[in-house]
Amino acid sequence: AQSVAQPEDQVNVAEGNPLTVKCTYSVSGNPYLFWYVQYPNRGLQFLLKYITGDNLVKGSYGFEAEFNKSQTSFHLKKPSALVSDSALYFCAVRDFQAGTALIFGKGTTLSVSS
Amino acid sequence: KAGVTQTPRYLIKTRGQQVTLSCSPISGHRSVSWYQQTPGQGLQFLFEYFSETQRNKGNFPGRFSGRQFSNSRSEMNVSTLELGDSALYLCASSSKQGAQGEKLFFGSGTQLSVL
């Protein structure tokens, strides 16, 4: 069965420092991986996806993610964090047996302090 | 282009009642999916509709049902509400069904509280 794990419930960084939000996955076959962000009282917003190609994927708001097949990871990164990046981040993998359904990780709360 | 619209934004119901939630997808999108979000279980897939047909269903009891209309708008119904049904219900639309790389566009959700 496909699954995705986010090992950290919360990540704290200072503004201007680089940030990493971790994600590992388990799939049979090639993974289709996504990152979404959720701000308070809002739905999820798409950040980026990896389908195939370059292992470094660039997305919205300066975020990027690195696909690592050997470590089955898809960590989200940003070179310089902003206070406005504080939100709940979800990693997701496509469930090939369920149409466009996504299997989400539990989410990681990112807190950026000024 | 307007985003995904969910109504109502908040609902308070009592155990045993039933509830209907509505979702209007982005214009031109024909696929609508529903997710339940709770602090304990996170985000869980409920079902997906495409062209008025349910294409996929998650692991939820039969009390959870839905439908899609010819204009792609979708409704989700929960009958005989239980306390554990309290959650944020999110609707998402996409332009293609089964497109593996397709991103989803989410609405702001309906927060359901069951008392």
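Residue numbering restarts at 1 for every chain, and letters A, B, ... go by the order of the sequence lines. Fair warning: this is a prediction, and the values are worked out from it, not measured in the lab.
For B:Asn59, the CG atom counts as loosely surrounded, since its 6.0 Å shell holds 12 or fewer non-hydrogen atoms of other residues, nucleotides or ligands. The number of heavy atoms from other shown groups lying within 6.0 Å of CZ (A:Arg42) does not exceed 12. Remark: B:Arg9 CZ is packed, more than 12 non-hydrogen atoms of other residues, nucleotides or ligands lying under 6.0 Å away. Around CG of A:Asn30, the count of heavy atoms belonging to other residues, nucleotides or ligands within 6.0 Å does not exceed 12.
When the heavy atoms of residues 72-93 of chain B are compared with those of chain A, the residues falling under 4.5 Å are B:Leu88, B:Leu90, listed by number. Residues of residues 75-92 of chain A lying under 4.5 angstrom from chain B, judged on non-hydrogen atoms, are A:Leu88, A:Phe90 by number. Against chain A, the residues from residues 106-115 of chain B that qualify, each with a non-hydrogen atom under 4.5 angstrom away, are B:Phe106, B:Gly107, B:Ser108 in number order.
Placement of A:Val37 and A:Val57 within a single hydrophobic cluster is found when ILVMFWY residues are connected by side-chain heavy-atom separations under 4.5 Å, directly or transitively. Residue B:Phe105 is not grouped with residue B:Tyr49 when hydrophobic side chains (ILVMFWY) are merged at heavy-atom distances under 4.5 angstrom, including chains of intermediate members. B:Ile26 and B:Phe50 are assigned to two separate hydrophobic clusters, defined by single-linkage of ILVMFWY side chains at heavy-atom distances under 4.5 Å. Placement of A:Trp35 and A:Leu44 in two distinct hydrophobic clusters is found when ILVMFWY residues are connected by side-chain heavy-atom separations under 4.5 Å, directly or transitively. Residues A:Tyr32 and A:Leu56 are members of separate hydrophobic clusters, defined by side-chain heavy-atom contacts under 4.5 angstrom among Ile, Leu, Val, Met, Phe, Trp and Tyr.
At a 4.5 Å heavy-atom cutoff, A:Gln45 makes no contact with chain B through either its backbone or its side chain. Within the 4.5 angstrom heavy-atom criterion, only side-chain atoms of A:Tyr36, from C-beta onward, approach chain B. If you measure heavy-atom distances from B:Gln37 to chain A, the contacts under 4.5 Å come from the side chain alone.
Nearest heavy atoms, B:Lys103 versus A:Phe46: CD-CD2, 3.3 Å. Shortest non-hydrogen contact noted between A:Leu102 and B:Tyr35 is N-OH, 2.8 Å.
Residues that satisfy the ring pair (Phe, Tyr, Trp, His ring centres under 6.0 Å) test with B:Phe69, not counting sequence neighbours, are absent from this structure.
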